[in-house]
Structure formats: structure tokens, C-alpha cells
Amino acid sequence: MNLFTHYREAITGLIDELIKAGDLPAGLDASRITVEPPRDPSHGDITTNAAMVLSKPAQKNPREIAALLAAKAEKLDGVQAVEIAGPGFLNMRLSDDFWHARLRDVLDAGVAYGDSALGAAAKVNVEYVSANPTGPMHVGHARGAVFGDVLAALLEKAGFDVTREYYINDAGAQVKVLARSVHLRYLEALGQDITIPEGLYPGDYLVDVGKALAKSEGDKWKDAPESDWIDLFKDFTIAAMMELVKADLLALGVKHDVFSSERDLVENGKVDEALDFLKDNGLLYQGVLEPPKGKLPDDWEAREQLLFKATAFGDDVDRPVQKSDGTWTYFAADMAYHLDKYRRGFAEMIDVWGADHGGYVKRMQSAIKALTDNKGTLDVKLCQMVSLLDNGVPVKMSKRSGTFVTLRDVVDKVGKDVVRFIMLTRKNDAGLEFDFAKVTEQSRDNPVFYVQYAHARVNSVMRMAVEELSADVVNDDAIHGASLERLDDAAELSLIKLLAQWPRMVESAATAHEPHRVAFYLGDLAAEFHALWNKGKDNKGLRFIIADDVDLTLARLAMIRAVANVIASGLQVFGVTPVKEMR
RNA sequence: GGCCCCGUAGCUCAGUAGGAUAGAGCAUCAGAUUUCUAAUCUGGCGGUCGCAUGUUCGAAUCAUGCCGGGGUCACCA
């Protein structure tokens, strides 16, 4: 249960009562009313702006409305005190019993705590990675991969029906170049000396593909014209590259439900279908684009081409859908792809792209508007660059010099959990530094460690408690039946309140499509837990284990177990394994 | 030149569908350890939220215009 949603409903209920009683006029718009935690804890546990928002439409002084609400709010379950503050805030303090009940919720739910029905099982499609199948994944791909994977998990936790999708760009000129590169490797495998010309893919990872083809095909394509072997080589190589990509993603713990092929779309006539739809609606025309303002590309020439009327849907210019050789542009196929997603039932689509594709967002969104009659929505999440450092020194990356850092290198070096967590410690549209030295160091500076350590520390205390008090006294049943009302210290209640925020965090992060908020929340939670742990040094009475008060000890163990539950719940969304020990 | 993103403490960044006195970490200064793992914690210092108008009861948050940084700009994907 998201307690803020709960009390928002209660407050709007009170407003209805006031309307019925004639104290407020009917027909008030409640949509702008918020119920949230106040910034300053001295203002209570929850606050609402209801009185201020209703002031104007109700033509009443906000403090007057607040007074009407306060009189009723005092009687709500769990509410201990109500006060009116500032311009008309209604601040409420909830009873200790209420918070103890929330702690009970955490213990009952375990890692499932925070699961929400917010999404109401609505279908959402999250497309991420979608890297060209032309080689192994590099670190730049990792961020989008983790972001998409975790956003999908977050949406699932918030109650959406999520499909994780990968779009294979296997129809363009690039895969042709790839197939030619492999043909050279094939000749090499047959014993020829080769040089790889500029423009083809020089990577070693194609050597084995060439060998495999030499083995299965023999030398029959040695002297054959390209048109005879190109399709075969394409198919074989794409399949091999996708195996490579999937293996890399698996190492990172990233999975997809659906792989869609651009080539399939083209071959199945989906592109024609989508374009026919646009044509029937008068949204395609032959035209000549204005040259871009400012510096012109060197090879610019005015050319008549088939254009989609993107400007009618919010884009800046109309967009070409057909190349001069008659084949479809990438954009045309991508339109067909998104229409296909829409027709498969995904009115809500999310795409995760690199920030260098930012210029493409408007045209895709305008296409979706045109193709779905404004019924489909696309949110594009752009992920900024990751800069790799080692102890502050940039790690040089260049495909040519061979110091190219692959995704696999990074995962092998620091582990998938570290890569995943760090990728989420920044907003997606902010740059991110990934420092090999920092992300593996065991200190406060390293958020992965810090959060993991809090989880490990809970388990450590648990082990210690069993050792000191015996397993007969400290066990699951005993902890579950603990007298939670014994938790009455301000610091303990404060920690419980933070735990109770988790369902709200899940919902807001999911709604905003911002998984990084979870990382910050987990950091805050870990900090508060570590702080409480340390309080036990200054004040022995605040230690978790109090040998001569088993009842209190069990209550505190229940509390810290709840901390571990919520951390584990968050890490589960991240696809990071919580550790129980960090020696 | 157009479009998109960013601009918050010395540094790295949060800031919850506009909310009350803008927060963390690092750095720096002063402290805490015969430990339930100090791999941690407590306190001090530190800000014209790039600038200016506007909308609003209320703006770091929304709108418009500037300034600065990055990305991108017809038949690549």
C-alpha cells in the first residue's frame, strides 16, 4: 500500500463530505491535490495542499478550508495530530501504531514489498539495446541495456504488463558491408592472404565466422560473384552476431522477450503497409527538402524524394522515407516497426536510445501520431555517454588501436552487479563516469558497496544475535511475532518511515520512467541504517541486540530485517544480487 | 543557423506530476573505535538554484527571451 495514495483518497473523501454538507461548493476539481511527505520532518508525516488548491474555485480562504478539513481529518484512522501551517498546508502526524503496522507490512511482504497495482496490467513495450548486429557490444551499449532492463522491471513491479524488445537492424547497407567483411575472412580461412580495405569491418571477431563458413560451405563461394553468396553470408553472419550480442547481454543479466527483425518487416511487406496507410491519408508526397541552415554538408544537392509530412505532427521538417536506389530508409522501416508494436497491443511504447539519436525523437513521435491516430504514445529515453576511467585517468578507446573496451571486458573485470548498479546512479540524460578503481573500492564513495554493505550488515547482526541468544530464541517465527510497539525511539521510527516510502518510490520512479531514483533511495536507506547502527556505540541502549531484553531485541531484529527486505526489493528491480556477507 | 539535452555548494550530483527555511557525497576543519564488521558514524564550513521577464497564493521546477556547455542536422543506423 502506498500510504500517501491511501490518505489522498481519504482527504478527497472528506472534501466530498464537506460538499455534501454544503460547506464547499460542488464540482471542485481535485486533480491538483497532492498528499506527500513534507520536506521538513518537523511538519509531520504527511502534508496536503488541498486547501490552497481549492481556495480559488471554492472562493474561500485557504486556511478556512484547511480548518474544515482538519476537523474531519483528526478522526481518520492512524492520524494522531493535525495542524494548519503556512499559507494553508494541512499537516498530519501519524501514530506510532500506524508506523508499526507499516513495518509489519514490510515483514509480511518480504521482497514483494512495494509491488503496486498502479499499472493496472496495462501493456507497455520497452525497446532497448537494439544495437546493430555487426560486432560485440561495447560499454556504451551497457548503459542503455541496463537502463531498459531495469525500467522494464520497475514497471512490472508497479503493475504494468511489460514486454522487453530488441529491434535488429539487419536490413540496411551496414549488414551488406558486414557480409563482405566476412567473405574476406572466409577467403582467409581458405588460405588466401587478405587485406581488409577501409570501410569494411576489420574486427577479429569475424575470423571465426569466416572459418565456420569455410567449413560448412567449402570453397564454392571462393570465386563466385557477390550476388550469389551475399544473402547466405548475411544470414549466417547476422545469426552469429546475434549469438554474440545475446551472450554479452546475458553476462550483464539483460534479457529480452521479443527480437524483431527489420528485414522481416521489409520482406513481409510491413513497410509497404505502413506507407500505404500514410499515402491513403495524404501524408506522403514527392518533394524537395530545403537545405539545412548554416553550414551545408559537402555533398548536398537538391533532390526530389518521397517525403512523410512529419511537420503536420510536430516535427521540424518533413522526412524522407525512400532512398535513391528505391529501398526504404531506416526511418520508413522504423515507422513500420512502431506501427507493428502498436497493432500488437502496445499503445504505450518506450524506446531507449543513445543521446546521439536525440535528433530522431520528434520524427518518430510524429510518425506514431500519424500512424495511430494519436492513440499511441512513445516516450524516448536518451542515455548519455559513459566515460571510462581508471583512477581518474580516461581509458583510451579506439577500435583501430585495439584498445577497444568491450562490454564483456568490463563485466569480467568488475562483475555484472557493479556495472548494473553504477549505470543507474545518474539520470539517464546526464553523462556518467565509470571509474574502475572507484566502483570496486570498499568505501562510502562507492554506492554499490555502501548499499550492499548495509544489507550484509543486517545479516551479520542476525548471525550475531543467533550466536548470542541461540537459535531457539532468535528465529523467523520469533522475529515475525516481535512486539513492534517496543520500537519507540525517534531514530527507529524515522527509519520505519523511510521504509514505508518504498511503495511510493516505486510508483513515482515507474511513472516518471526514472529508475535512478531507486538508486538514490537505496543510498538514503543504507545511510539511515548505518547511522542507527552507529548510534548503538554512543548509546548502548540503542543497540540492536540487547542481551537481557529479548523482547526488544526481537523487535529491533524485525526492523533491520525489514531494512534488508526493502534493500533486496530494490536490488531485485536492479537485477543485482544482495550479498549477505562482505568479508 | 534550426532542433534536443544540460547549467543547483570548491568538485560530483539529488531535488519526489509547482509547495513551507534548496539537500547528499567528496574535499576541508573538529570529533567518535577494548564494535552488533570504524569497509562506519557525528558536527562545522560552504549556494544571487546561469541571467531576465512572466504565469501563480507559492517557481530550482512551468512559459518566453538571452548567456554558457554538449549532442544532432536530406538517400547512415
Side-chain angles (χ1 to χ4, degrees), chain A residues 31-32 34 36-40 43 47 49 52-53 55-56 62 85-89 91 130-132 134 169 171-174 262 288-295 297 299-303 305-307 315-327 329-331 333-334 354-362 382 384-385 425-427 429-431 433 441-447 449-450 453 456-457 460-465 467-468 501 504-505 508-509 511-512 514 516-517 520-521 523-524 527 530-538 543-546 553 556 560 581-583:
Chain A
S31 64
R32 288 180 58 226
T34 59
E36 53 193 1
R39 283 233 170 103
D40 185 344
H43 290 145
T47 182
N49 62 359
M52 290 174 290
V53 168
S55 169
K56 200 173 224 177
F89 288 103
N91 295 333
S130 299
N132 291 348
T134 56
N169 304 138
Q174 290 308 311
E262 181 183 1
V288 181
L289 285 176
E290 299 260 321
K293 300 252 160 62
K295 59 177 180 208
D299 56 347
W300 168 266
E301 58 184 66
R303 181 186 326 118
Q305 48 196 340
L306 188 61
L307 299 169
D315 202 358
D316 310 306
V317 288
D318 293 339
R319 304 293 182 175
V321 297
Q322 198 169 30
K323 302 184 209 171
S324 47
D325 66 0
T327 59
T329 60
Y330 177 81
F331 176 54
D334 214 4
D356 55 342
H357 289 61
Y360 195 80
V361 174
K362 274 200 201 171
L382 299 175
Q384 269 292 353
M385 305 249 304
T425 53
R426 289 285 179 271
K427 255 187 308 211
D429 52 12
E433 288 186 353
E441 114 189 343
Q442 303 202 326
S443 79
R444 177 75 178 92
D445 290 355
N446 179 359
F449 165 77
Y450 190 71
Y453 181 45
R457 198 171 227 180
S460 168
V461 174
M462 290 291 176
R463 288 190 295 268
M464 186 59 69
E467 205 172 291
E468 282 188 23
Q501 306 265 345
R504 181 174 191 266
M505 271 312 305
S508 66
T511 304
E514 290 186 352
H516 75 275
R517 292 186 192 182
F520 284 89
Y521 170 79
D524 289 346
H530 285 310
L532 189 52
W533 190 93
N534 275 275
K535 277 203 169 143
K537 281 184 306 163
D538 298 336
R543 289 186 162 218
F544 301 136
I545 301 173
I546 306 289
T553 299
R556 289 185 173 161
I560 65 170
E581 201 173 359
M582 300 187 92
R583 290 265 178 202

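Chain naming here is simple, since letters A, B, ... match the order of the sequence lines and numbering starts at 1 in each. Predicted, not measured: the structure shown is a model, and the values here were computed from it.
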*Asks:* Assign A:T47 to base, sugar-phosphate, or nothing according to its heavy-atom contacts below 4.0 angstrom with the strands shown.
*Replies:*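 Counting heavy atoms under 4.0 Å across all strands, the contact made by A:T47 includes a base.
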
*Asks:* Please work out if A:S460 contacts a base, only the sugar-phosphate, or nothing of the nucleic acid, heavy-atom cut-off 4.0 Å.
*Replies:*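 Base, at least one base heavy atom under 4.0 Å.
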
*Asks:* Looking at residues at least two apart in the chain, or sitting in another chain, which of them share a salt bridge (Lys or Arg N to Asp or Glu O under 4.0 Å) with A:R517?
*Replies:*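 If we apply the salt bridge (Lys or Arg N to Asp or Glu O under 4.0 Å) test to A:R517, skipping adjacent residues, the hits are A:E514.
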
*Asks:* Tell me every residue that passes side-chain contact (heavy atoms from CB on, under 4.5 Å) with A:V53, counting only those two or more places apart in sequence or in another chain.
*Replies:*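 Applying side-chain contact (heavy atoms from CB on, under 4.5 Å) to A:V53 gives A:R32, A:I33, A:N49.
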
*Asks:* Looking for any heavy atom pair under 4.0 Å, which part of the strands does A:A456 touch: base, sugar-phosphate only, or nothing?
*Replies:* base

*Asks:* Toss me the dot-bracket line for RNA chain B: Watson-Crick and G-U wobble, both under 3.5 Å, 5' to 3', using | for pairs to another strand and [ ] for crossers.
*Replies:* (((((((..((((.....[...)))).(((((.......))))).....(((((..]....))))))))))))....

*Asks:* Check every strand shown and say whether A:V361 touches a base, only sugar-phosphate, or nothing at a heavy-atom separation below 4.0 Å.
*Replies:* nothing

*Asks:* Could I get the full list of ring pair (Phe, Tyr, Trp, His ring centres under 6.0 Å) partners for A:Y450, not counting sequence neighbours?
*Replies:* A:H530

*Asks:* Looking at B:A14, B:C41, B:C36, which one has an atom nearest to any side-chain atom of A:Y450?
*Replies:* B:C41

*Asks:* Kindly give the atom pairs (protein nitrogen or oxygen, nucleotide nitrogen or oxygen) under 3.5 Å for nucleotides 22-26 of chain B.
*Replies:*
none

*Asks:* Is the shortest side-chain N/O distance from A:H516 to OP1 or OP2 of B:G15 below 4.0 Å?
*Replies:*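 Indeed, a polar side-chain atom of A:H516 lies that close.
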
*Asks:* Among B:C41, B:A14, B:G15, which nucleotide sits nearest the side chain of A:R426?
*Replies:* B:A14

*Asks:* A:E441: which residues meet the salt bridge (Lys or Arg N to Asp or Glu O under 4.0 Å) condition with it, sequence neighbours left out?
*Replies:* none

*Asks:* Touch check for A:T553, heavy atoms < 4.0 angstrom, all strands: base, sugar-phosphate only, or nothing?
*Replies:* nothing

*Asks:* A:R463 CZ to B:U37 P: how many Å, rounded?
*Replies:*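 Those two atoms, CZ and P, are 8 Å apart.
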
*Asks:* Distances under 3.5 Å between protein N/O atoms and the N/O atoms of nucleotides 29-31 of chain B, please, pair by pair.
*Replies:*
none

*Asks:* Separation of A:F544 atom CZ from B:U40 atom P, in whole Å?
*Replies:* 16 Å

*Asks:* Heavy atoms under 4.0 Å, any strand shown: does A:M582 hit a base, just sugar-phosphate, or nothing?
*Replies:*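 Here A:M582 touches the bases of the nucleic acid.
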
*Asks:* For B:U40, does OP1 or OP2 lie under 4.0 Å from any side-chain N or O of A:K535?
*Replies:* no

*Asks:* Nearest whole Å is fine: how far is B:U37 C1' from A:M464 CE?
*Replies:* 8 Å

*Asks:* Taking N and O atoms by type only, does the side chain of A:N49 place a donor or acceptor under 3.5 Å from a partner on the base of B:A20?
*Replies:*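 Answer no: no donor N or O sits under 3.5 Å from an acceptor.
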
*Asks:* Among all residues two or more places apart in sequence or in another chain, which pass the ring pair (Phe, Tyr, Trp, His ring centres under 6.0 Å) test with A:H43?
*Replies:* none

*Asks:* Using a 6.0 Å cut-off, check whether atom NZ of A:K323 has over 12 heavy atoms from anything other than its own residue.
*Replies:*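 Yes, the 6.0 Å shell around NZ holds more than 12 heavy atoms from other groups.
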
*Asks:* Are B:C36 and A:W533 stacked, with the base six-membered ring and the side-chain ring centres under 5.5 Å apart and planes under 30°?
*Replies:* yes

*Asks:* Applying a 4.0 Å non-hydrogen cut-off, can you work out what A:D318 is touching in the nucleic acid: base, sugar-phosphate, or nothing?
*Replies:*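 Result for A:D318 = nothing.
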
*Asks:* If stacking means aromatic ring centre less than 5.5 angstrom from the base's six-membered ring centre, planes under 30°, is A:F89 stacked on B:G19?
*Replies:* no

*Asks:* Kindly point out which of B:C13, B:U16, B:U40 is positioned nearest to the side chain of A:F520?
*Replies:*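 Nearest nucleotide to the side chain: B:C13.
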
*Asks:* Between A:K537 and B:U40, is there a contact of a side-chain N or O with OP1 or OP2 at under 4.0 Å?
*Replies:*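 It does not, given that no N or O in the side chain of A:K537 lies less than 4.0 Å from OP1 or OP2 of B:U40.
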
*Asks:* Quick one: A:E36 CD to B:A20 C1', roughly how many Å, whole number?
*Replies:*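 In whole Å, B:A20 C1' and A:E36 CD are 11 Å from each other.
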
*Asks:* All N/O contacts under 3.5 Å from nucleotides 54-57 of chain B to the protein, with atom names and distances to one decimal?
*Replies:*
residue, atom, partner, partner atom, Å
B:C57, OP1, A:K56, NZ, 2.8

*Asks:* Holding to side-chain contact (heavy atoms from CB on, under 4.5 Å), I want the full list of residues that pass it with A:N132, two or more places apart in sequence or in another chain.
*Replies:*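 By the side-chain contact (heavy atoms from CB on, under 4.5 Å) rule, A:N132 matches A:T134, A:N169.
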
*Asks:* Give me the distance, rounded to whole Å, that separates B:C6 from B:G15 when you measure between the C1' atoms they each carry.
*Replies:* 16 Å

*Asks:* List the residues meeting side-chain contact (heavy atoms from CB on, under 4.5 Å) with A:F89, not counting sequence neighbours, and say none if there are none.
*Replies:* A:T47, A:M52, A:P87, A:N91

*Asks:* Return the value, rounded to whole Å, for the distance between atom CG of A:L382 and atom C1' of B:U72.
*Replies:* 11 Å

*Asks:* Check nucleotides 75-77 of chain B for protein N or O atoms closer than 3.5 Å to its own N or O atoms and list the pairs.
*Replies:*
residue, atom, partner, partner atom, Å
B:C75, N1, A:R303, NH1, 3.3
B:C75, O2, A:S324, OG, 2.2
B:C75, N3, A:R303, NH2, 2.9
B:C75, N4, A:R303, NH2, 2.9
B:C76, O2', A:Q174, NE2, 3.2
B:A77, OP1, A:A173, N, 3.2
B:A77, OP1, A:K323, NZ, 3.2
B:A77, O3', A:N169, OD1, 3.4
B:A77, O2', A:N132, OD1, 2.6
B:A77, O2', A:N132, ND2, 3.1
B:A77, N3, A:H357, NE2, 3.2

*Asks:* Between B:A17, B:A20, B:U37, which nucleotide gets closest to the side-chain atoms of A:S508?
*Replies:* B:A17

